[in-house]
Every structure is written in structure tokens, then in C-alpha cells.
Engineer: 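Before anything else, here's the structure in question.
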Amino acid sequence: MALYSEKVMDHFRNPRNVGIIEDADGVGEAGNPVCGDIMKIYLKIDDDTVKDVRFETFGCGSAIASSSMATELIKGKPVSEALGLTNKAVTEALDGLPAYKLHCSVLAEEAIKAAFKDYYDKNGIEYDESLFPKEVDCAHCVETA
């Protein structure tokens, strides 16, 4: 059995939505000091829809693939739907990740949520604080695998 699925390898080798949006409506970052992965997500939102999303990721292949897949999953979606993205959805869309790499999908979810929080804050839009966890607990990722 291969360590990584074909989808993980495809999104690692051919990542989608890489780059910066200079005039982003929301920017979010998440990182894990243990593994060194850092993800930054840029959102362009128009008419309550994610019109564009880009990412920069410093990290392993799983981190890059998770960032790429996460951006694909929210692009073109209404904000309310995109904000509901979970690390589980990212992992499933990639046809799985090894247990010790699940934190990469968690970081993708958290970076996206941080970008939406930034968007809400910049625009004075009220939101439910519980939608935006304070920090990522990557030890939990391995426990729930």
C-alpha cells in the first residue's frame, strides 16, 4: 500500500491556487512549531461568495496538498458554506492522509478560518467567536486518527 494517495501526490506535485492576492479581503495564517509547517491563505470575497483563494505554504508534501485541496473545496462557495470546511473534509477529499500527517489538514482548516475571521474583522461583520478556535492542537490529530 502506498503511503500517500494519488490525490495527495497530485496536489503536492501540481498544487492549485498557489500565490498571493495583493488586495485580499481576508488573510489568515496557521502554523505548527513542532513540525514547522506554516500556511497562509488569501481570500477575495464578492457578493458573499469566495471568488478567489490563494495560498502560500512552507512545509511538507502533505501540508502543500492539504492547502491546495482546501482552496479547491471553498473556491466559488458562499462564505457560510466555505466557513464550514473541516479538516475531515480536506482529508477525505485527498483520499486520506497518514495519521501522523493529519495535522496538515487541521492547519489548512485553521488558516482558512483565520482568513475569514480577518475578513469579518476588517469589515465590521459580527460573527460567532466559537467558529474560530484559538489554536491548533496537533497532538489531538494523532489521537483521533
Side-chain angles (χ1 to χ4, degrees), residues 4-138 140-142 144-145:
Y4 295 105
S5 71
E6 287 182 30
K7 283 187 183 178
V8 171
M9 295 307 296
D10 181 41
H11 278 267
F12 166 62
R13 290 182 180 132
N14 307 293
R16 285 69 152 175
N17 307 308
V18 176
I20 298 170
I21 299 174
E22 292 295 338
D23 59 343
D25 296 313
V27 180
E29 188 171 316
N32 179 341
V34 175
C35 69
D37 293 332
I38 300 170
M39 298 178 184
K40 195 166 190 177
I41 300 287
Y42 302 85
L43 298 173
K44 192 68 178 167
I45 298 171
D46 186 32
D47 197 28
D48 204 39
T49 301
V50 179
K51 294 297 183 184
D52 196 11
V53 56
R54 303 279 171 192
F55 78 91
E56 294 180 297
T57 294
F58 177 83
C60 66
S62 295
I64 293 167
S66 293
S67 301
S68 175
M69 181 57 81
T71 61
E72 286 287 282
L73 291 171
I74 68 167
K75 194 172 193 176
K77 299 282 195 279
V79 169
S80 59
E81 186 178 334
L83 187 54
L85 179 74
T86 65
N87 71 298
K88 184 177 179 182
V90 173
T91 301
E92 287 175 356
L94 289 169
D95 292 336
L97 287 169
Y100 66 95
K101 291 293 185 179
L102 287 176
H103 68 276
C104 296
S105 64
V106 173
L107 290 175
E109 174 188 346
E110 294 306 317
I112 285 172
K113 287 187 177 183
F116 279 116
K117 185 177 184 307
D118 182 55
Y119 166 70
Y120 287 152
D121 289 343
K122 284 179 178 175
N123 291 284
I125 300 170
E126 290 188 31
Y127 54 86
D128 179 355
E129 288 280 340
S130 69
L131 295 173
F132 306 99
K134 301 288 185 235
E135 62 185 55
V136 176
D137 178 9
C138 288
H140 173 74
C141 304
V142 176
T144 60

Engineer: Could you tell me which residues satisfy salt bridge (charged side-chain N to carboxylate O under 4.0 Å, His left out) with Arg16, sequence neighbours excluded, listed by chain and number?
Structural biologist: Asp10

Engineer: How long is the gap from OG on Ser62 to NE2 on His103, to the nearest 0.5 Å?
Structural biologist: 7.5 Å

Engineer: Go through the steps to decide whether Glu56 and Tyr42 satisfy the test side-chain hydrogen bond (donor to acceptor under 3.5 Å, both in side chains), and finish with yes or no.
Structural biologist: CA-CA 9 Å; Glu56 294 180 297; Tyr42 302 85; 2.6 Å; yes

Engineer: Could you list the residues that satisfy salt bridge (charged side-chain N to carboxylate O under 4.0 Å, His left out) with Asp118, not counting sequence neighbours?
Structural biologist: Lys122

Engineer: State, to 0.1 Å, how close Pro15 and Ile64 come at their nearest heavy-atom pair, and which atoms those are.
Structural biologist: CB-CG2, 4.0 Å

Engineer: Quick check: closest heavy atoms across Ser105 and Leu102, and the distance to 0.1 Å?
Structural biologist: OG-O, 2.8 Å

Engineer: Please step through side chain to side chain contact (heavy atoms under 4.5 Å, CB included) for the pair Asp37 and Cys104, ending with a clear verdict.
Structural biologist: CA-CA 8 Å; Asp37 293 332; Cys104 296; 3.6 Å; yes

Engineer: Please state whether the rings of Phe132 and Tyr120 are parallel, tilted or perpendicular, taking 30° and 60° as the class boundaries.
Structural biologist: perpendicular

Engineer: If we only count heavy atoms from C-beta on, is the Lys40 to Thr57 side-chain gap below 4.5 Å?
Structural biologist: no

Engineer: Can you name the nearest heavy-atom pair linking Asn17 to Ser68, along with the distance?
Structural biologist: ND2-O, 4.4 Å

Engineer: Just verifying a value: how many Å separate Glu81 CD and Asp48 CG, rounded to the nearest 0.5 Å?
Structural biologist: 11.5 Å

Engineer: Looking at every heavy atom in both Met39 and Ser67, which two are closest together, and how far apart are they?
Structural biologist: SD-OG, 3.3 Å

Engineer: Side chains of Asp95 and Ser5: donor-acceptor distance under 3.5 Å anywhere?
Structural biologist: no

Engineer: Which heavy atom of Ala108 sits nearest a heavy atom of Ala70, and at what distance?
Structural biologist: CB-CB, 3.9 Å

Engineer: What are the two closest heavy atoms between Lys7 and Ala93, and how far apart are they?
Structural biologist: CD-O, 3.0 Å

Engineer: Does Asp23 have any salt bridge (charged side-chain N to carboxylate O under 4.0 Å, His left out) partners at least two apart in sequence or in another chain, and if so, which?
Structural biologist: Lys44

Engineer: Please assess Phe116 against Ile125 for the test side chain to side chain contact (heavy atoms under 4.5 Å, CB included), listing each intermediate value before the final yes or no.
Structural biologist: CA-CA 10 Å; Phe116 279 116; Ile125 300 170; over 6 Å; no

Engineer: Would you give the length of the straight line joining atom NZ of Lys51 to atom CD1 of Ile45, rounded to the nearest 0.5 angstrom?
Structural biologist: 11.0 Å

Engineer: For the pair Ile74 and Leu43, evaluate side chain to side chain contact (heavy atoms under 4.5 Å, CB included) and give the outcome as yes or no after the intermediate values.
Structural biologist: CA-CA 10 Å; Ile74 68 167; Leu43 298 173; 3.9 Å; yes

Engineer: Can you tell if the side chain of Lys113 reaches within under 4.5 Å of the side chain of Leu83, non-hydrogen atoms only?
Structural biologist: yes

Engineer: Are more than 12 heavy atoms from other residues, nucleotides or ligands located less than 6.0 Å from atom CZ of Phe58?
Structural biologist: no

Engineer: Would you indicate whether the side-chain heavy atoms of Leu94 and Tyr4 approach each other to under 4.5 Å?
Structural biologist: no

Engineer: Which value, rounded to the nearest 0.5 Å, describes the distance between Glu92 atom CD and Met69 atom CE?
Structural biologist: 11.5 Å

Engineer: What I want to check is whether the side chains of Thr49 and Asp47 have a donor and an acceptor closer together than 3.5 Å.
Structural biologist: no

